[in-house]
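Everything below concerns the one structure shown next.
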Amino acid sequence: MEEFVIATLRYGTPLVYVTMAGVLAQRAGVWNLGLEGLMIIGCCAAVLGLVQTGSLLFGLVLAVALCVLASALLWFVVERLRANPIIAGLGLTGLGLGGTDLAVQAIYGSQATVNAPYGLPRLGPYFGDFGVLSVLVAAMPFVVFGLWALLRRTRFGLQLSASGEHPFAARSVGVSPARMRLIALCLGGVLCALGGAELALGSLTIFAYGMTAGRGFMAFSAVIFGAGHPIGSAAAALFFAIVGAIGIRAQLAFGDRVPNDLLLALPYLATVLGIWISARFRGGAKAASSFGELRDY
Amino acid sequence: MTKAMLAEAPTAFALQCRDISVQYGEVAALVGVSLAFAPKLIHAVVGQNGAGKTTFARVAAGIVKPVSGTLAIGGREIPTGNVGQARAAGVELVHQSFALPPSFTVAESMEFGAERGRPVFSRRGLEKRWQKHLENLGVRAGLRDRIRDLPVEAQQGVEIARALVADAKVLILDEPTAVLSPSGIEKLFERLKGLKASGVTVILILHKIREVLGVADTVSVLRGGRLVEGPIAVGATNARRLSASIIGVQAEKEIAADEAALVGATAGDALAGAAPAAAINAAPVLAMQRVVTRADSEGPGLEEVSLRIGRGEIVGVAGVEGNGQRTLVRVLANLVEARSGQILLEGKDVTKTPLSERRARGLRIIPFERNSEGLSLSSALWENWSARQLLLGPALRLINPSWYRNACDASLKEWDVRYHTTMQAAGSLSGGNAQKLILAREIDADASLIIAAQPTRGLDVGATAFVWRALRDARARGCAVLIISSDLDELFDICDRIVVMLSGRIVAEFRPPYRLGEVGAAMTGAH
């Protein structure tokens, strides 16, 4: 049982961080499809920064800086150049996947995985079996509830939510929706960097090309499934993680009798199921109908 | 006149703008407008649609930045186009379509625009903070209620309360009466008089002269983005003079029709040409019998709605918005399913018939939202115009675009649509011309039942008169017409019969001569 919980948290923690970035962006009015790209930039920068300088702190700072920079780029393209946010987000994902590959090839001359000497600090023996998990796992609930409090229990959060839901209402009380979107995207960049770092250095200590494997899109789905609510979306992300952990367990249990690929596809199937459920029962499709337009009237 | 008024007023105006000009692309929305409002009075700014009233309000509130001109609040000049500065100086604007995020609770709606107070709060602390504020203003809404669940009158109350969270000195309301029932309008005016007594300067953007004369102390008239006159004391003018200055110099006959739209003359010529009751009952064009639908996100469901419309009859649906009028149109258009009951069109049961077949039988719809439901804004005029005919034919039929273009050209000329070429996108038309394009498509020789949902919303007086004429002509040809409107004056003028909807039911039916009080009472369920 504990093993199962640990597997779920390992799978789920990076997902939750990136999901929270998606929640922030969605609340501010941007459907951020660049999460996948931001996440892999986080993975790559954390590992390369650590490998090149030997300092974990430098790796994390580099990851945060690059993710914030990429988020600000997305904001600029969407807000100032009036590009369609969906297409710009997908472009950012392409930039992340291609850019990290380019960086690895430029530095190491090959597409091989990059091994880091060590990873994020672990919780330690005080936590028993859970001691193998990284500190970011323990920080996750605080991030989720902190984000909820920020969005629903501070005036800043209300103004940020208003910027996404009714930009004109925000403007008429003197709030600039564009500025709010910049703040939301940059904060999201920080969360994506942490999510990426957790994925690459949490339980593993490697960077491999495309290692995010669609987790950014899964996080995006969790935002829709959770209707943009921080706790609901985090729960959705953890649900996907549970399905992922079940897939891993099933591989061990069934061995070769069931095709591995099918089991690995389970969380992705759960994602599709989640989207279908939210469209069917909660008007998720309606939310989706505003995809791609940045409302500012 | 104007100069005399200005001289009488105290030295520090509550709000003064000098030489304000606003440009939207090629269009000049305001041209050199200078207006000064004395403190602690109710001022009205009137004009037709497109006269620049809303733009003026937004400039005063700092939402729109003018290309030139200055703005002073309480004698102190503030930078233009800066909401924060305008609010700090005490100017608040209540928008025509309210500007509150639908998912917010009432308490959150107060807080998100507030200035002071703790940056982090608990839900209870938040509710405690705003309880008193709402009570003082007499706004009846639970602090935990979500904006989207509130009836429009409560929403407006909340919006006004939101505008007054800070120490507002100048409160501007943009067309506040458009969404209200007559009794709601009375309550709003009482509230405004209370605010005036407590020292707030109120500026009302209105377009109905009757309301202006009832509540305002001074009135200013805008026309085509220019100030025509004002502020003049309401006692020094009258309805006739005001409507003349709102409309400007036009042919005498046109003014008569337009005046009715502005002043809100009752009775009108509704009686003329009305079909005898016997003919209606003999063979109604539309007969709905106890139709029931499910409530959905777009409004309450219908509850046992029965309605008959005869040949050559115009029937109006009155009611406060959101009481099932949209569902009524959607059930007739087969966009929502009738759970029970029957819909008969020309005597044939069409309850389960798809819209295309209903259209083939003469159903025509002028929808609520002309820009999203009525037209494809990115498609060409001729494509929009021919859509009705094209959709009726088989999907793989070859079409001849040049034939449709020519036919469209002839039809639009007949309907007096101002356009460049039939190839231009429908989105490039002004509101009035866009509506005429829809009329040209929907009102044809084969039409038997025309549903006109808010057919004149947002149109100027000339275009409104045009739409009315088109509907009357259709009636003269024997069409049945169903008009849904939130403008009672419009319904009183044009309808042979008015039914009132409340919470998905038809609760009352009236025949001319109509009395505002009776219809209003039925709309709010007070009768």
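Note on naming: letters A, B, ... go to the chains in the order of the sequence lines (proteins, then strands), and numbering restarts at 1 for each one. Note that the structure is a prediction, hence the values are computed from the model and not measured.
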What residue in B:L93, B:L126, B:V120, B:V165 has the most heavy-atom pairs under 4.5 Å with chain A? B:V120
Looking at B:E337, I'd like to know if its CD atom is crowded, meaning that more than 12 non-hydrogen atoms belonging to other residues, nucleotides or ligands lie closer than 6.0 Å. no
Side chain from CB out, backbone as N, CA, C, O: work out which of these in B:S109 comes under 4.5 Å of a heavy atom of chain A, or both, or neither. neither
Out of curiosity, A:Q159 CD to B:E111 CD, how far, rounded to the nearest 0.5 Å? 9.0 Å
Max heavy-atom pairs within cutoff under 4.5 Å with chain A, candidates B:A61, B:A114, B:G62, B:A88, goes to B:A114
Only pairs of heavy atoms separated by less than 4.5 Å count here; which of B:E92, B:R87, B:Q85 has the most with chain A? B:R87
Expected contact set for residues 184-194 of chain A against chain B at heavy-atom separation under 4.5 Å reads none
Compare every heavy atom of A:V173 with every heavy atom of B:F112, then report the nearest pair and how far apart it is. CE1-CG2, 3.9 Å
NE2 of A:H166 to CZ of B:F104, rounded to nearest 0.5 Å, is 10.5 Å
Just do the side chain to side chain contact (heavy atoms under 4.5 Å, CB included) check on B:I63 and A:R171 with the steps written out, would you? CA-CA 7 Å; B:I63 294 171; A:R171 284 215 298 139; 4.0 Å; yes
Please collect all salt bridge (Lys or Arg N to Asp or Glu O under 4.0 Å) contacts where either partner lies in residues 369-379 of chain B, sequence neighbours excluded, each pair once. B:R326-B:E369
Could you give the distance from OG (B:S103) to CZ (A:R152), rounded to the nearest 0.5 Å? 4.5 Å
If one checks every heavy atom of B:R123 against chain A at 4.5 Å, the contacting part turns out to be both
Considering only heavy atoms and a distance below 4.5 Å, find which of B:P102, B:G84, B:G113, B:S122 pairs most often with chain A. B:P102
Heavy-atom closest pair, residues B:H95 and A:S172: NE2-CB, 3.1 Å
In terms of heavy-atom contacts, does CZ of A:R179 have more than 12 from other residues, nucleotides or ligands at under 6.0 Å? no
